[in-house]
Amino acid sequence: MKMTARGSIAALMTCMAAAGAASPAVADSVPVGVPLEVLETTLGVDAPRVGTGVPAPMVGAPEAPRHHTGDLLPVPLLPVLPIDAELGRTLVTSPVPNLLGAKETDGEGSLESPATTLLARTPGAVVGAPLTMPDAGNYGIPNVVLPKLGLTAPELIGAPSALLGLTTPR
C-alpha cells in the first residue's frame, strides 16, 4: 500500500504537535515520542516506534572583549556567545518479520543514538579602526590606516554516535 499525501501531512502535523506540546522546563533535552500508530491502521503494517529528545539550548555569557596595545577597538568587537545543548537519546525500533525465513524468528531492529552534549560558539566580528593611536611624531594626530574587518570562525564540538541492533526471540 502507498501512503497518500493527506496521510503524510496528517502524520507530520501530529509529530509537530507532539514536539510543540512538550515544554522545556529545566531539562537539557525534552523527551518526545513520535506518534506513528496511525500508520498501522492506514497502511496495515506494524509501525516503527520513535522516541527522541528535542534539544533545549542554553546560551552562556558572552566572552569579554580584549584590548590590545595599539588598537582603538576591542577584539572581538561583536562578542562570541557559547551555546550548550544536549542532543537527546533517540531510539527507533521496528518489527522485522521472517528474519530467518520462518514466522517463529520474527525480530525487531533498532537504531539508537545515545544522548550527547553539543557545544557551539557563534562567530564574532573583528573590526579595526581606520586610525591609529595618537602619534607623538605627528604632533599627537593619529595616522590613517586601512581598516580591518573579519569574522572569527564558529565552533561546533560534539561526538554523536549510533548503535544498530537486531534482536530475535529466544
Side-chain angles (χ1 to χ4, degrees), residues 3 5-36 38-39 47-94 109-165:
M3 185 172 210
R6 185 181 302 167
S8 299
I9 292 172
L12 177 65
M13 296 301 285
T14 305
C15 294
M16 289 173 38
S23 64
V26 182
D28 289 331
S29 65
V30 179
V32 175
V34 181
L36 297 176
V38 70
L39 295 177
R49 292 182 302 280
V50 179
T52 189
V54 177
M58 300 296 293
V59 179
E63 280 187 5
R66 297 173 303 277
H67 293 276
H68 296 285
T69 305
D71 287 340
L72 293 175
L73 298 175
V75 175
L77 187 62
L78 177 65
V80 174
L81 293 175
I83 301 170
D84 182 16
E86 179 178 304
L87 296 177
R89 176 179 178 261
T90 300
L91 179 62
V92 179
T93 59
S94 179
S110 66
L111 178 64
E112 178 183 5
S113 175
T116 185
T117 301
L118 187 66
L119 303 171
R121 291 168 37 112
T122 63
V126 179
V127 179
L131 300 173
T132 64
M133 296 294 282
D135 186 10
N138 195 17
Y139 304 105
I141 299 174
N143 295 317
V144 177
V145 294
L146 287 173
K148 296 184 289 184
L149 179 61
L151 293 175
T152 59
E155 294 180 36
L156 186 61
I157 302 167
S161 60
L163 307 168
L164 185 61

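Being a predicted model, the structure only gives us computed values, none of them experimental. Positions are given from 1 along the sequence.
- Heavy atoms only, all atoms of each residue included: Leu87 and Pro55 are closest at CD2-CG, 3.8 Å.
- The minimum heavy-atom distance between Pro134 and Gly140, with the atom names listed, is CB-O, 3.5 Å.
- Annotation for Ser94 and Pro48: closest pair CB-CB, 3.9 Å, computed over non-hydrogen atoms.
- The minimum heavy-atom distance between Pro123 and Val80, with the atom names listed, is C-CG2, 4.4 Å.
- Panel note: side chain Thr122, backbone Leu81; a donor-acceptor pair is recorded below 3.5 Å.
- Taking both residues in full, the closest heavy atoms of Leu164 and Ser110 are given as CD1-O, 3.4 Å, listed atom of the first, atom of the second, then distance.
- Atom CG of Leu163 has more than 12 neighbouring heavy atoms from other residues, nucleotides or ligands inside a 6.0 Å radius.
- Looking at heavy atoms from C-beta onward, Pro74 lies out of side-chain contact with His68 at the 4.5 angstrom threshold.
- Residue Arg89 holds its CZ atom at 14.0 Å from OG1 of Thr116, rounded to the nearest 0.5 Å.
- When atom types are taken as modelled, the side chain of Thr117 and the backbone of Glu86 share no donor-acceptor pair closer than 3.5 angstrom.
- In this structure, Pro65 and Pro79 have side chains that are not in contact, with every pair of non-hydrogen atoms separated by 4.5 Å or more.
- Distance CG/Leu77 to NZ/Lys148: 11.5 Å, rounded to 0.5 Å.
- In summary, of the residues considered (Asn143, Thr69, Leu72), a side chain to side chain contact (heavy atoms under 4.5 Å, CB included) with Met133 occurs for Leu72 alone.
- To the nearest 0.5 Å, atoms CD1 (Ile157) and CZ (Arg121) are separated by 8.0 Å.
- Val145 approaches Ala129 most closely through the heavy-atom pair CG2-O, 3.8 Å.
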